[in-house]
Amino acid sequence: QVQLVESGGGLVQPGGSLRLDCAASGWIFSIGTMGWYRQAPGARRELVASITTGGSTNYADSVKGRFTVSRDNVQNKVWLQMTSLRPEDTDVYYCNAEIRRSVGDTAFNYWGQGTQVTVSS
């Protein structure tokens, strides 16, 4: 079993900050790219930010300069630091990780349960 457990969502005023945490646990041989996605009701899930094992990052244009993704390869954790939050950042945020469960295994995408971020005054 592999689990991704997220925490850190909530309600924040425009211009405020939040940090999302995600920890992977269970039967894990290796983790590749980790990242965060978000999804509004009725919309497609979209990439917010991702980070490779080596630390290369990729951001959606809408969050560049405001959000920072980081990870700890030993603890199998990924974080998303969000600053200068806007009402349009309101969504459910999902943690994602490419995980191999054993040597030679195919990497599968695993998802967290989602955490609500609401930006409102």
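What you see below is based on every heavy atom in this structure, not just the backbone, and it leaves out hydrogens, waters and symmetry mates.
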Could you tell me whether a side-chain N or O of Arg44 sits under 3.5 Å from a main-chain N or O of Ala40, the two making a donor and an acceptor? no
Taking atom OG of Ser120 and atom CG of Leu85, what is their separation to the nearest 0.5 Å? 12.0 Å
Same apolar cluster: Trp36 and Tyr59, side chain cutoff 4.5 Å: yes
Set of salt bridge (charged side-chain N to carboxylate O under 4.0 Å, His left out) partners for Arg100, sequence neighbours left out: none
Apply the test side chain to side chain contact (heavy atoms under 4.5 Å, CB included) to residues Ser70 and Val78: give CA-CA distance (whole Å), side-chain angles for both, the deciding distance (0.1 Å), then the verdict. CA-CA 6 Å; Ser70 57; Val78 63; over 6 Å; no
Following the transitive rule for hydrophobic clusters with a side-chain heavy-atom cut-off under 4.5 Å over Ile, Leu, Val, Met, Phe, Trp and Tyr, establish whether Val48 and Leu18 coincide in one cluster. yes
Suppose we screen for side-chain contact (heavy atoms from CB on, under 4.5 Å). Which residues come up paired with Glu46, at least two apart in sequence or across chains? Arg38
Linking I/L/V/M/F/W/Y whenever any side-chain heavy atoms sit under 4.5 Å apart, do Tyr94 and Leu47 land together? yes
Mark yes when over 12 heavy atoms from residues, nucleotides or ligands other than Gln3 sit less than 6.0 Å from its CD; otherwise mark no. no
So CD1 of Ile28 and CD1 of Ile99: to nearest 0.5 Å the spacing works out to 4.5 Å
Give a yes or no on whether Val117 and Val69 share a hydrophobic cluster (residues Ile, Leu, Val, Met, Phe, Trp, Tyr; joining criterion: side-chain heavy atoms under 4.5 Å apart). yes
With side chain to side chain contact (heavy atoms under 4.5 Å, CB included) as the criterion, how do Trp79 and Asp72 come out once you've worked through the C-alpha distance, each side chain's angles and the decisive distance to 0.1 Å? CA-CA 9 Å; Trp79 299 274; Asp72 184 318; 3.5 Å; yes
Pair Thr53-Ile31, side chain to side chain contact (heavy atoms under 4.5 Å, CB included): steps then yes or no: CA-CA 7 Å; Thr53 304; Ile31 302 180; 6.0 Å; no
Check: Asp91 main-chain N/O paired with Thr118 side-chain donor or acceptor under 3.5 Å: no
Do you know the tightest heavy-atom contact between Arg66 and Ser84? NH1-O, 2.9 Å
Pairwise distance CZ(Phe29) to CG(Asp105) - rounded to 0.5 angstrom: 9.5 Å
Quick check: does any side chain N or O of Ser50 sit under 3.5 Å from a backbone N or O of Met34, one acting as donor and the other as acceptor? no
At what distance, to the nearest 0.5 angstrom, does SG of Cys95 lie from CG of Leu80? 10.0 Å
Same cluster or not: are Val119 and Val92 linked, directly or through other Ile, Leu, Val, Met, Phe, Trp or Tyr residues, by side-chain heavy atoms under 4.5 angstrom apart? no
Donor-acceptor check, side chain of Trp27 to backbone of Arg101, threshold 3.5 angstrom: yes or no? yes
Donor-acceptor under 3.5 Å (Arg19 side chain, Gln81 main chain): no
Atom pair CD1/CZ of Ile51 and Arg71 - distance to nearest 0.5 Å: 6.5 Å
If you look only at distance, which donor and acceptor atoms sit under 3.5 Å apart when one is on a side chain in residues 106-114 and the other is two or more places apart or in another chain?
| from | atom 1 | to | atom 2 | distance (Å) |
| --- | --- | --- | --- | --- |
| Asn109 | OD1 | Asn96 | ND2 | 3.3 |
| Gln113 | NE2 | Glu6 | O | 3.4 |

Run the salt-bridge test on Asp89 and Arg86 with the 4.0 Å N-O cut-off and return the result as yes or no. no
